[in-house]
Amino acid sequence: MTSNNNTTSKLDYSLVFIVMLLFLASCAAIYSAQTTGQYKENFLIKQILWYGVSAGLVAGIMTLDSDQLKKLAWYAYGFGIFLLGLLLVAPASIAPVINGAKSWFKVPAMGSLQPSEFVKVFIILTLARVIDDHHQKNTVKTLQTDLWLLIKLGLVTMVPLALIMKQPDLGTGLVFIAILLGMIFISGISWKLLVPIFSVGVSLITVIFYFVLVKPDLLEKYLGVKQYQFGRIYSWLDPYNYQSSEGYQLTKSLLAIGSGMTGGKGFMRREIYLPESQTDFIFSVVGEEFGFIGASVLISLFFLLIYHITKVGMETKNNFYTYICVGVISMITFHVFQNIGMTIGVLPITGIPLPFISYGGSSLMGNMMGLGLIFSIRYHYKKYMFSTSA
């Protein structure tokens with residue numbers, strides 16, 4: 001097949017269609033959520049503007065081929081580290097503390113920007129390059145080369161992760177870990193290394209969770225865990241005993257989603273007041289107004305999106321592109337799983353937004369940049385359809 005230089009013929013229309021459906025779902029949910037009267041801002045107009053800005057970012061990223069993306073990877077990583085470091089030392093007039101975390105820059109005419117949302121994409125690019133370069137250099141696999149790759153992936157991730165945890169921002173930190181785990185699984189590292197390492201990790205998490213429930217004073221004394229952090233766990237396990245404090249959001253969310261039943265109450269017919277419903281708890285709005293059917297349709301859209309990215313990753317002949325697809329899938333999947341999970345009480349509340357649906361410029365731009373990488377893969381795909389280097 002010959003190359004087609006027409007831009008429109010190389011655009012991934014299936015992905016465009018999915019994004020348009022998510023955009024419409026976001027607009028409908030935010031339009032309803034902002035009627036609670038908690039804020040005077042028009043979040044819908046702002047979300048539409050952020051989608052427009054994000055579309056511009058996608059258009060720019062889409063034109064970059066694999067060689068250009070690989071060259072940019074370390075520069076983007078360094079820039080991300082610089083932003084995260086600057087955030088911690090910047091004065092409150094530039095980087096205010098919001099809800100106990102120093103995670104945002106104040107930007108004139110734009111409101112606030114959260115650098116960690118962009119660093120998620122930078123870390124995907126960088127990890128993909130590290131894996132690709134490692135396999136090109138080490139054509140013969142051994143446990144030693146696999147261990148070295150595992151160390152490199154860990155070190156690359158731990159630097160921004162440490163800066164994010166200093167803010168502190170546990171939710172975003174968990175996204176970085178999810179991306180790292182996804183990249184490790186696709187990297188070809190031997191299970192002889194992974195099984196014992198992950199077994200130790202799971203055992204450690206189990207022990208910590210046990211101490212949270214039985215002996216929290218030891219964690220507070222030796223690990224410096226704060227009392228409010230215990231409250232989040234307790235309010236997750238038994239929200240109705242904490243509904244006047246830490247469990248307020250969760251109990252309201254459960255009430256809203258449960259009251260929607262099968263078909264929902266109808267658009268704009270919400271009855272449950274839920275603070276911040278346009279951001280982290282947007283799924284509760286969908287559940288109440290459109291019920292189980294509407295929530296299932298939205299979840300199906302995310303399944304369709306993940307399926308499409310998986311298909312792109314499997315069709316490309318370029319390993320670097322495949323690693324990028326896995327990173328983007330890991331990022332989006334964890335976001336969806338964690339956000340929906342916390343709104344229905346399956347997982348603790350961590351403040352992670354629902355991708356492409358929740359209001360938020362930084363989150364939307366970060367996720368759209370991830371899709372920009374997928375658009376780039378499809379944009380340059382036909383050119384190399386029968387090449388081993390595509």
Chi angles and distances behind the side-chain contact (heavy atoms from CB on, under 4.5 Å) call for Val312, Tyr321: CA-CA 9 Å; Val312 171; Tyr321 278 157; over 6 Å; no

Approximate separation, where rounding is to 0.5 Å, of Thr322 OG1 and Ile186 CD1: 7.0 Å

Flag side-chain contact, heavy atom, 4.5 Å: Lys120 against Thr172: yes

Side-chain heavy-atom pair Pro353, Thr279 within 4.5 angstrom cut-off: no

Path from Trp50 to Ile48 over hydrophobic side-chain contacts below 4.5 Å: yes

Stepwise side-chain contact (heavy atoms from CB on, under 4.5 Å) check, Val16 with Val19: CA-CA 5 Å; Val16 170; Val19 173; 5.9 Å; no

Min side-chain heavy-atom separation Phe283-Ile357 under 4.5 Å: no

Ser203 side chain vs Ser199 backbone, donor-acceptor pair below 3.5 Å: yes

Connected via hydrophobic side-chain network under 4.5 Å: Leu180 and Trp148: yes

Donor + acceptor pair across side chains of Gln249, Asp280 (<3.5 Å): no

Closest non-hydrogen atom pair between Ser103 and Gln167, with its separation: OG-OE1, 2.7 Å

Donor-acceptor side-chain pairing of Ser259 and Lys265 below 3.5 angstrom: yes

Ionic contact status for Glu288 with Lys252, cut-off 4.0 Å: no

Residue Lys141 excluded, over 12 heavy atoms near NZ under 6.0 Å: yes

Shared hydrophobic cluster, Ile124 / Phe82 (ILVMFWY, side-chain heavy atoms < 4.5 Å): yes

Other residues, nucleotides, ligands: >12 heavy atoms within 6.0 Å of Met314 CE: no

Any Asp12 side-chain heavy atom under 4.5 Å of Tyr379 side chain: no

Stepwise side-chain contact (heavy atoms from CB on, under 4.5 Å) check, Ile344 with Ser253: CA-CA 7 Å; Ile344 61 177; Ser253 176; over 6 Å; no

Pairwise side-chain contact, Thr310 with Ile329, heavy-atom cut-off 4.5 Å (strictly under): yes

Within 6.0 Å of CZ in Phe17, more than 12 heavy atoms from elsewhere: no

Geometric class of the Trp191/Phe185 ring pair [parallel <30°, tilted 30-60°, perpendicular >60°]: parallel

Tyr248 atom OH, neighbour heavy-atom count above 12 within 6.0 Å: yes

Verdict with reasoning, Phe334 to Leu174, per side-chain contact (heavy atoms from CB on, under 4.5 Å): CA-CA 9 Å; Phe334 184 82; Leu174 292 174; 3.6 Å; yes

N/O donor-acceptor pair under 3.5 Å between His135 side chain and Ser187 backbone: yes

Whether over 12 other heavy atoms sit under 6.0 Å from Phe267 CZ: yes

Side chain to side chain, Ser277 and Arg270, heavy atoms closer than 4.5 Å: yes

Contact check, side chains of Leu371 and Leu305, non-hydrogen atoms, under 4.5 Å: yes

Student check: side-chain heavy atoms of Cys27 and Leu24 closer than 4.5 Å: no

Test item: side-chain donor near acceptor, Asn367 and His335, under 3.5 Å: no

Tyr51 and Phe23 aromatic ring geometry - parallel, tilted or perpendicular at 30°/60° bounds: perpendicular

Heavy-atom neighbours of Lys70 NZ exceed 12 at 6.0 Å: yes

